[in-house]
Amino acid sequence: MSDLDEAYQLDYFEEAGFHRQECAECGDMFWSRADRDTCGEPPCAEYGFIDTPGFDEEYALGEMREAFLSFFEKRDHERIDPYPVAANRWRDDVLLTQASIYDFQPLVTSGTTPPPANPLCISQPCIRMQDIDNVGKTGRHTMAFEMMAHHAFNAKEDIEDPGEYAYEGEVYWKEDTVRYCVELFEELGADVDELTLIEDPWVGGGNAGPAFEVIYQGAELATLVFMSLEQDPDGEYEMKDGNRYSEMDTYVVDTGYGLERWTWVSQGTPTVYEAVYPEMIAFLKDNAGIELTDEEAAIVHNAAKLAGRMDIDEAEDIEAERDTIAEQVGVDVSELRDLVAPLEEIYAIADHSRTLAYMLGDGIVPSNVGTGYLARMVLRRTKRLVDSVGVDAPLDELVDMQADRLGYENRDTIRDIVRTEVEKYRETLDRGGRRVRQLADDYAEKGEPIPTAELVELYDSHGIQPDMVEEIAAERGVDVDVPDDFYAVVADRHGGETGDHEESGTPYADRLAELPDTDRLYYEDQQRMEFEAVVLEVFDRDDDGFDVVLDQTMFYPEGGGQPPDHGHLSTDDVTVEVEDVQRYDGVILHTVDDDPGKGEFVRGQVEATRRKRLMQHHTATHIVVHAARQVLGEHIRQAGAQKGVDSSRIDVSHYDSVSREQVKEIESAANDIVQDNVPVTQQWPDRNEAEAKHGFDLYQGGIPAGEQIRLIQVADDIQACGGTHVARTGDIGTIKLLNTERVQDGVIRLTFAAGDAAIEATHRTEDALYEAADVLDVAPDDVPDTAARFFDEWKARGKEIEELKEQLAQARAAGGADTEEVDVAGTTAVVQRIDADMDELRAQANAVVEQGQIAVLGSGASGAQFVVAVPDGVEVDAGEVVGELAGRVGGGGGGPADFAQGGGPDGEKLDDALDDAEAILQSVANV
RNA sequence: GGGCCCAUAGCUCAGCGGCAGAGCACCUCCUUUGCAAGGAGGAAGCCCUGGGUUCAAAUCCCAGUGGGUCCA
């Protein structure tokens, strides 16, 4: 077994006079020029730069960013533009960008794709949701931050095939990385003797390596990671996660310099927030009416120096830490809390507003899934803070202040989204509040606490946090039973949701791997439907069919939401139907119904109509997304698509529902592009070039692999796409939007048809209209008015019928035909058969009861039905009578004692049953 | 992608197999003319849609539609 100790022994340390020491507090090993007791990082030390800035000059955020980037530019690093904070734009394993290295994972770090430059420097906006509880409290944590970084991508020189990786040789490694770091401190005028580099091996995402945390005056200002190991059960190194790792052929310099911290240290303000967005903090304080006396300000100021202890990840007990701080500052802990708590909330508001500006500015739309869900959580939390601390500026204005600072251009949309979301939140709270109040009243009546099960239900189904329940319940004097592991209980409810779905193994994987990649003729000429090829291999399928591999093909395999082509392959002897086409790596399998013969020469014919319709729909998909963007806004992104022969659908992100007017506008905009009849072009540019030129909006339909990607341009719209397209937009003919629906909150599904399918779809809706017009016997244009009139009349008539039934019932009760009157229990019972429906029977029964008589009514309208009603004060149970009667017709019945109904299927026994009514009444009355 | 909840008067909701309900709002009248006024009366329902079970469905079951919410 070997450890990494050796990895930290650098020549540079020796040259520059650094030596290895152990922290007396935490035991970590670190390197420093001066002799020191501790590693210098809180909680082993406190912030040393507050009031005494750590550099020669004060830097604003933008100035510090520029200082860093130009420092590395001077040292031959190319400056790269930052990537979006929504990392799921270019990778599907994470949601948000949490570090600059995320920009280059997984393709660059694995050596599959070359980096955009090597070495490079960048200042990458990042969002770390896991820091959310620390924000405001520690004085140093922010959820949104910029990670300044320089990266170098190296490959070992002594490997078998140097061309195996997209970069070759070593750019630089540990020596230069550490030297750059110290030089940067020197350039800014730091006291290098105060610098410590703590040995802190890094592990993450299947990779690992030695690393330094660079501490200056109590602040962790940089992390230098030397990513050089990968997980390997037989590996030489055991890391802190308990796994074993071995060396990789590629090794990457991954550094992180927190822009906000550097800015903070340069200014020496009590917290990072005041250094980074001073005007926003001032605005919020002023708005919330927070004014401190000089004495109070001094207390806050002194506490800030110690606030580094307040880290919920590190500290055992936050409130105990607060006690300690209060003691050291010399005030009562409650006084300290009252002073500091509102400030902490203000800091958090400023940070969260910035987080939201990044998220919404980069096109994330709040919803209940994915990044949208995270945005919603942040927004709601921020709104709570704003209300709690008493800031009365609308949230969209606060987010806009940050969006303005960050230079976003889509500020109107951002504000619109925030306003919409705040309104949704308010509605949720209204709904929830009512529900909780009612629940609290229920349990107050019972004198019981609100049980955990109710809390879980409130949270899981209605989004109401337990603390809100406690608050409202307290108003009503009801206890609430909140278990410590509340969220674990919620998780239990979701238990068993292992998302492991079977990986469909490639059939005949071994033999496929030996076959050459199939030439994809459909990319050379997407309009051609015929081709010639040689059968390289035929596989027997389990289901009687065969899988054929050709040397080249015009058949498009299923992919990118486009279904496969159909058609046939012919030899001189036999013609086989192509029923399915799939791609495995580079090899394309044609599923056919018969064996064309290995080695045979075949002519292929793609079914032209199907293909044409698929191409029309595919190109139309690009156009519709583009049109939706024009109409609804730049935040529109494709969230899934399915192309078809008769219709296609695309899901796009949008924060509101789509009005009928907007649908029409989208349809018009789409058809404008069709009518312009512009060419649809494809290119195969270098990946980095394409990303740099067009951004990550290229990857709306998914993220392709490889160094070169295929781009499809339709008018102004450019997307990475592997599908087949028409030659010119005019070939689509026409695009008809068929339907829009909200598939989930924040995602809208647009269903549309293109070309002949659009005409057919129009025929269908027109047929429906004409049929309706035919039934109503009016012209199609008059259908809406006529339908409305009919509906109104229908309602009016229903009411009229009801009234008439009542009148009829009264008339009958006054003495109609077929009535038998018997004396029961001191009153008269009316036994009558009227073949009417239940409503009429009931009306009649009520009329009889009003005259103080018992009603026993039977109807043979459908089967046999009875209603028995008894006036107040008469001792006869109507339910029992009905039960007896219904029993005689093979059914059952029941109801309250004064009004019961029932029946049965044997309608022919109805009269017999009514004949027995008197006897039944007597027997029931006698009881 | 998965789970759960909801849909009844204009609004907020109750009812959970047996006559469609309450509060607020609305209309008429009376009392009082003042901070959520009081009293009497009235109007207002395709109980989301479509199937099924049942003598009987707003109520139970299935499917759909629309909304909410939690998790990955």
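Just so it is clear, the values below take in all heavy atoms, side chains as well, and ignore hydrogens, waters and symmetry mates. These numbers were taken from a predicted model, which means no experiment stands behind them. Order of the sequence lines sets the chain letters (A, B, ...), proteins ahead of strands, with each chain counted from 1.
For the pair A:Gln662 and A:Val631, the tightest heavy-atom approach, listed with the atom from each and the gap, is O-CG1, 4.0 Å. Closest heavy-atom contact between A:Leu841 and A:Leu857: O-CD1, 3.3 Å. Contact detail for A:Ala878 and A:Pro896: the closest heavy-atom pair is CB-O, 4.2 Å. A pairwise comparison of heavy atoms in A:Ala473 and A:Ala440 identifies CA-CB, 4.3 Å as the closest pair.
Within a 6.0 Å sphere centred on CZ of A:Phe790, other residues, nucleotides and ligands contribute more than 12 heavy atoms. Within a 6.0 Å radius of NZ in A:Lys909, other residues, nucleotides and ligands contribute 12 heavy atoms or fewer.
For B:rU59 and B:rG52, the P atoms lie 14 Å apart once the distance is rounded to whole Å. Nucleotides B:rC26 and B:rG17 place their P atoms 36 Å apart, quoted to the nearest Å. As rounded to the nearest Å, B:rC47 and B:rC5 have P atoms that lie 25 Å from one another. B:rU69 sits 42 Å from B:rC55 when the P atoms are compared, rounded to a whole Å. Nucleotides B:rG45 and B:rC11, compared at atom P, are 13 Å apart to the nearest Å.
When atom types are taken as modelled, the side chain of A:Arg89 and the backbone of A:Asp362 share a donor-acceptor pair closer than 3.5 angstrom. At distances below 3.5 Å, not a single donor-acceptor pair connects side-chain atoms of A:Ser648 with backbone N or O atoms of A:Phe752.
Residues A:Tyr83 and A:Trp90 bring their aromatic ring centres within 6.0 Å.
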- [ ] Heavy atoms under 4.0 Å is the rule here; annotate nucleotides 13-22 of chain B 5' to 3' with B where the base is hit, S where only the sugar-phosphate is, and - elsewhere.
- [x] S----BB---
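To the nearest 0.5 Å, atom CD of residue A:Glu793 and atom OG1 of residue A:Thr786 are 10.0 Å apart.
Distance CD (A:Glu423) to P (B:rG68): 12 Å, rounded to an integer number of Å. Distance A:Leu96 CG to B:rA72 P: 13 Å, rounded to the nearest Å. Rounded to an integer number of Å, the gap from CG of A:Leu429 to P of B:rG68 is 14 Å. The separation between A:Asp460 atom CG and B:rG3 atom P is 13 Å, rounded to whole Å. In this structure, OH of A:Tyr459 is placed 10 Å from C1' of B:rU69, rounded to the nearest angstrom. When the P atom of B:rG67 is taken as reference, atom CG of A:Asp656 falls 11 Å away, rounded to whole Å. In this structure, CG of A:Asp906 is placed 11 Å from P of B:rC55, rounded to the nearest angstrom. Per the geometry, CE belonging to A:Met377 stands 14 Å off C1' belonging to B:rU69, to the nearest Å.
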TODO: Would you sketch RNA chain B in dot-bracket for me? Only Watson-Crick or G-U wobble pairs with both distances under 3.5 Å count, crossing pairs as [ ], other-strand pairs as |, the rest as dots.
DONE: (((((((..((((....[..)))).((((((.....)))))).....(((((..]....)))))))))))).
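Toward the 5′ end of RNA chain B lies the nearest nucleotide of A:Gly904, the other residue of the pair A:Gly904 and A:Ile464 mapping further downstream. Each of A:Pro905 and A:Glu457 has a nearest nucleotide on RNA chain B; the 5'-most of these lies closest to A:Glu457.
A:Tyr425 and A:Arg384 form a side-chain donor-acceptor contact under 3.5 Å, judged by distance and modelled atom types alone.
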Could you list all N or O pairs between the protein and nucleotides 42-53 of chain B that sit under 3.5 Å apart?
from	atom 1	to	atom 2	distance (Å)
B:rA44	OP1	A:Lys799	NZ	3.4

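Among the heavy atoms of the strands, none lies under 4.0 Å from A:Arg797. Contacts of A:Glu427 with the nucleic acid, taken as non-hydrogen atoms under 4.0 Å apart, are absent.
In the set B:rC4, B:rC55, B:rU69, the nucleotide with an atom closest to the side chain of A:Ser461 is B:rC4.
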Task: Evaluation steps, side chain to side chain contact (heavy atoms under 4.5 Å, CB included), between A:Ile127 and A:Tyr358 - done: CA-CA 9 Å; A:Ile127 292 172; A:Tyr358 275 133; 4.1 Å; yes
